[in-house]
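First the proteins, then the strands, lettered A, B, ... as listed; each starts at 1. Reckoned from all heavy atoms, side chains included, excluding hydrogens, waters and symmetry mates.
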2 protein chains.
Amino acid sequence: MVRPGGRSAQVQASVHAAVHELASEFGRDALTVPLVAQRAGVTPSTIYRRWGDLQELLSDVAVERLRPETAPGDYGTLHSDLTAWVEQFLDEMSSPAGRAYIRDALLGNPDGSNAGQCSAYAAEQINVILTRATERGEKAPGVETIIDHVVAPLMYRILFRPAGLDAPYARRLVGSILGPAGP
Amino acid sequence: MVRPGGRSAQVQASVHAAVHELASEFGRDALTVPLVAQRAGVTPSTIYRRWGDLQELLSDVAVERLRPETAPGDYGTLHSDLTAWVEQFLDEMSSPAGRAYIRDALLGNPDGSNAGQCSAYAAEQINVILTRATERGEKAPGVETIIDHVVAPLMYRILFRPAGLDAPYARRLVGSILGPAGP
DNA sequence: ATCATAGACGCAATGATTTTGCTTTAAGAT
DNA sequence: ATCTTAAAGCAAAATCATTGCGTCTATGAT
């Protein structure tokens with residue numbers, strides 16, 4: 001039974017806020033359940049009961065933090081829209097903070113859909129871009145193609161090979177799917 | 001100062017073994033340092049001193065577990081070699097145990113090269129396949145291309161979208177890079 | 001072959017976190 | 001207004017993490 005705005009919601013909000021504050025104050029690795037609980041004005045047992053453990057909580061917070069806040073910009077062509085989006089994606093995700101959030105998101109319970117949610121966010125953004133391109137009359141590949149051959153390589157490198165990852169690389173990926181930049 | 005075969009090596013071996021055993025007995029999430037220590041016949045402080053914490057230890061074990069034990073098979077053509085390797089890769093990595101190991105490997109210390117090591121293993125295997133193809137006179141793409149457009153999409157789906165991941169999908173990825181299976 | 005030494009381990013005490021039974025609170029339904 | 005019930009608080013108990021100190025072991029030099 002969901003009770004939006006009720007006490008539960010307030011607790012969740014203050015706990016999430018506490019995680020943010022403490023993470024930026026003392027660093028993500030200094031977080032502990034009792035610490036977060038104190039800052040949030042809650043008892044530790046509340047957190048343990050609702051989230052199970054710190055990892056679940058962090059995973060939860062990470063997903064919220066990874067949700068895009070704005071629709072992809074419109075730059076007139078599919079190629080430029082996608083390039084811009086990919087560059088921003090890379091920027092946000094490859095920072096130390098971004099990588100930490102991604103790793104946290106991956107840590108949630110077995111098939112708790114936290115990680116899936118992240119992927120869904122990206123798919124949604126890409127879908128907006130592709131739909132817009134189609135409406136303009138441009139020929140556009142499928143969302144899956146972009147995910148497989150642009151997003152996935154970026155994410156792979158972010159997670160497994162933090163070095164050798166820059167904007168030119170990202171643009172090259174876009175080019176390899178859409179062909180070289182149009183006129 | 002490395003002392004292979006010494007007490008240290010034995011401790012490491014029995015601790016690793018204990019992790020394996022307990023993980024398959026009680027599940028990875030039931031592991032605790034004291035539990036592992038007891039099974040390994042060691043005191044918890046030994047583990048804390050050597051590995052720091054449970055995550056480091058699990059990350060360590062995961063990398064060892066993810067190391068390929070055998071060179072990629074030779075099936076006569078690049079296409080079949082790569083397809084076979086990819087199918088095996090998918091098999092091993094997409095199982096619940098495989099995914100758990102990957103996640104653990106990602107968890108090691110900040111940029112402790114554990115995750116990088118995994119990526120290096122894959123690159124090495126692929127390199128063997130591509131070199132063999134080149135020696136046969138086949139035209140072969142670079143290692144990076146295979147990583148970006150075959151390994152990365154697989155890994156992305158393993159981590160973020162466990163559903164909709166099967167051998168045909170993997171073969172399609174290979175086909176999209178090498179072209180349809182040749183004679 | 002023996003010795004000196006650095007590194008690693010065991011033990012045990014201490015401090016922090018996690019878990020659990022019971023009680024209390026407040027949101028939503030009657 | 002009262003009732004029902006999910007969720008939170010409280011506090012004790014259990015478990016886990018951390019650390020100082022002494023001991024042991026394998027190594028390299030004598």
- Does B/Ser80 offer a backbone N or O that forms a donor-acceptor pair with the side chain of B/Thr83 under 3.5 Å? no
From [options], pick the nucleotide closest to the side chain of [X]?
| X | options | answer |
| --- | --- | --- |
| B/Pro34 | C/dG10, D/dA17, C/dT20 | D/dA17 |
| A/Ser45 | C/dT20, D/dT19, C/dC9 | C/dT20 |
| B/Thr43 | D/dT18, C/dC11, C/dC22 | C/dC11 |
| B/Arg49 | D/dG20, C/dC22, D/dA17 | D/dG20 |

Could [X] and [Y] be called an ion pair, given the rule that one side-chain N must be under 4.0 Å from one carboxylate O?
| X | Y | result |
| --- | --- | --- |
| B/Asp104 | B/Arg65 | no |
| B/Arg172 | A/Glu144 | no |
| A/Asp60 | A/Arg50 | no |

Tell me the interatomic distance from [X], atom [atom1], to [N], atom [atom2], rounded to whole angstroms.
| X | N | atom1 | atom2 | result |
| --- | --- | --- | --- | --- |
| A/Ile47 | D/dC10 | CD1 | C1' | 15 Å |
| A/Gln38 | D/dC10 | CD | P | 13 Å |
| B/Asp53 | D/dT18 | CG | P | 7 Å |
| A/Asp29 | D/dA17 | CG | C1' | 16 Å |
| B/Gln12 | C/dA8 | CD | C1' | 13 Å |
| A/Leu31 | C/dT17 | CG | P | 11 Å |
| B/Leu57 | D/dT18 | CG | C1' | 17 Å |
| A/Leu54 | C/dT17 | CG | C1' | 11 Å |

- Message: Quick one about B/Thr46 and B/Thr43 (side-chain donor to acceptor, distance below 3.5 Å, no hydrogens or angles considered), yes or no?
- Response: yes
Just call it for A/Thr32: base, sugar-phosphate, or nothing, with non-hydrogen atoms closer than 4.0 Å on any strand. sugar-phosphate
**Study point:** Side-chain N or O of B/Arg50 closer than 4.0 Å to phosphate OP1/OP2 of C/dA8
**Key:** no
